[in-house]
Participant: 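Below: one structure in structure tokens.
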Amino acid sequence: MRGSSHSRAGAKIDRLKPVPRSFYDRPAIEVARELVGKVLVHGAVSGRIIETEAYLGLEDRAAHAYRGITPRTKVIFGPPGHAYVYLIYGIYECLNIVAEKEGSPGCVLIRAVEPLTGLPAMRKRRPGVRKDQDLANGPGKLTLAMGITRRHNGADVTKGPILVCEPAQREEIVIEVSPRIGIKHNADWPLRFFVRK
DNA sequence: CAATAGATCATCT
DNA sequence: GATGATCTATTGC
């Protein structure tokens, strides 16, 4: 969809229905694939999830949970439907959603969203960005644009302040699969899901 | 355009 | 003390 034909969307995001916790109580791969197309909401700011990656548990060397429970990774071992936010490269923060039942590690990295509402707020947090689609088209960019920080680590995404909701209308999308980005281990595992443009 | 370096710090060894 | 699920500016064709 190019152009911005529905620029009045801001009014109704609070009526979107949160995805139920049972949605997350499944293998991380399924959750990752089906999160594509859902809507990420934080206050008045929202965006459609267009790219995700699955990180498995103890069998996935690329996953933070690979080495077991530590103060940082304990959220991943907790109940599904919660946010895992961590600092990367000393500068940026990345948002994950915990999948699989409590005790079973597995999570989904949200890599990109397409801005839907709250565009002015996003621009304020990301000065210098030219195109709307560049505001949140990366893991570090989307947390910046949407004001998500480590304060939200452990937050329940079925309750807020960060929410994952069903989109207002079902859209026809084609989901593509590829290897994950920027990792060293298991670099050929097809665990990245994204919307075909 | 494509390739590369630098920023910067919590976490784990 | 090394590392990393990134981004941006800059350099070089």
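Chain naming here is simple, since letters A, B, ... match the order of the sequence lines and numbering starts at 1 in each.
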Participant: To the nearest 0.5 Å, what is the distance between CD (A/Glu93) and CD1 (A/Ile148)?
Facilitator: 10.0 Å
Participant: May I have the distance from A/Ile69 (atom CD1) to B/dC12 (atom P), rounded to whole angstrom?
Facilitator: 12 Å
Participant: Have A/His64 and A/Tyr84 got a donor and an acceptor in their side chains that come within less than 3.5 Å?
Facilitator: yes
Participant: Name the closest nucleotide to the A/Arg126 side chain, picking from C/dT8, C/dA5, B/dC9.
Facilitator: C/dT8
Participant: Kindly give the heavy-atom pair with the smallest separation between A/Leu109 and A/Cys94, and that separation in Å.
Facilitator: CD1-CB, 3.9 Å
Participant: Please determine whether a side-chain nitrogen or oxygen atom of A/Lys141 lies at a distance below 4.0 Å from atom OP1 or OP2 of C/dT6.
Facilitator: no
Participant: Rounded to the nearest 0.5 Å, how far does CD1 of A/Ile29 lie from CH2 of A/Trp189?
Facilitator: 8.5 Å
Participant: Could you report the tightest heavy-atom contact between A/Pro179 and A/Ala187, atom names first, then the distance?
Facilitator: CB-O, 3.3 Å
Participant: Nearest whole angstrom, please: distance from the P of C/dT6 to the CD of A/Glu93.
Facilitator: 14 Å
Participant: If I take atom CZ in residue A/Phe193 and atom P in nucleotide C/dA5, what distance separates them, rounded to the nearest angstrom?
Facilitator: 19 Å
Participant: Nearest-Å distance, NE2 (A/His64) to C1' (B/dC12)?
Facilitator: 11 Å
Participant: May I ask you to verify whether the side chain of A/Tyr86 and the base of C/dA5 hold a donor-acceptor pair under 3.5 Å?
Facilitator: yes
Participant: Between B/dT13, C/dA5, B/dT11, which nucleotide has the shortest distance from any of its atoms to the side chain of A/Thr70?
Facilitator: B/dT11
Participant: Look at all strands and tell whether A/Ile183 reaches a base, only sugar-phosphate, or nothing, counting heavy atoms closer than 4.0 Å.
Facilitator: sugar-phosphate
Participant: For residues A/Leu142 and A/Ile110, determine if any side-chain heavy atom of one lies less than 4.5 Å from a side-chain heavy atom of the other.
Facilitator: yes
Participant: What residue pairs, at least two apart or across chains, pass ring-ring contact (aromatic ring centres under 6.0 Å, His included) with a residue in residues 93-124 of chain A?
Facilitator: none
Participant: Just N and O in the side chain of A/Arg192: are any of them under 4.0 Å from OP1 or OP2 of C/dA5?
Facilitator: no
Participant: Separation of A/Asp134 atom CG from C/dT6 atom C1', in whole Å?
Facilitator: 15 Å
Participant: Is there aromatic stacking of A/Tyr89 on B/dA7 here, judged by a ring-centre distance under 5.5 Å and a plane angle under 30°?
Facilitator: no
Participant: What is the distance, rounded to the nearest whole Å, between atom OH of A/Tyr66 and atom P of B/dT11?
Facilitator: 21 Å
Participant: Roughly how many Å is it from CH2 in A/Trp189 to P in C/dA5, rounded to a whole number?
Facilitator: 15 Å
Participant: Between A/His185 and A/Val129, name the one whose nearest nucleotide on DNA chain C is closer to the 5' end.
Facilitator: A/His185
Participant: Looking for any heavy atom pair under 4.0 Å, which part of the strands does A/Arg72 touch: base, sugar-phosphate only, or nothing?
Facilitator: sugar-phosphate
Participant: From B/dA10, C/dA5, B/dT13, pick the nucleotide closest to the side chain of A/Tyr84?
Facilitator: C/dA5
Participant: Within the structure shown, what part of the strands sits under 4.0 Å from A/Gly140 by heavy-atom distance: base, sugar-phosphate, or nothing?
Facilitator: sugar-phosphate
Participant: Please tell me which of A/Arg150 and A/Ile91 maps to the more 5' nucleotide of DNA chain B, matching each residue to the nucleotide holding its nearest heavy atom.
Facilitator: A/Ile91
Participant: For DNA chain C, please output the secondary structure as dot-bracket, reading 5' to 3'. Pairs are Watson-Crick or G-U wobble, both atom distances under 3.5 Å; mark crossing pairs with [ ], other-strand partners with |, unpaired with a dot.
Facilitator: ||||.|||||||.
Participant: For the pair made of NZ in A/Lys184 and P in C/dT3, what is the distance, rounded to whole Å?
Facilitator: 7 Å
Participant: Side chain of A/Ile88 only, please: which of C/dG4, B/dT13, C/dT8 is the nearest?
Facilitator: C/dG4
Participant: Passes salt bridge (charged side-chain N to carboxylate O under 4.0 Å, His left out), A/Glu100 versus A/Arg26? Steps please.
Facilitator: CA-CA 5 Å; A/Glu100 305 187 17; A/Arg26 294 182 291 157; over 6 Å; no
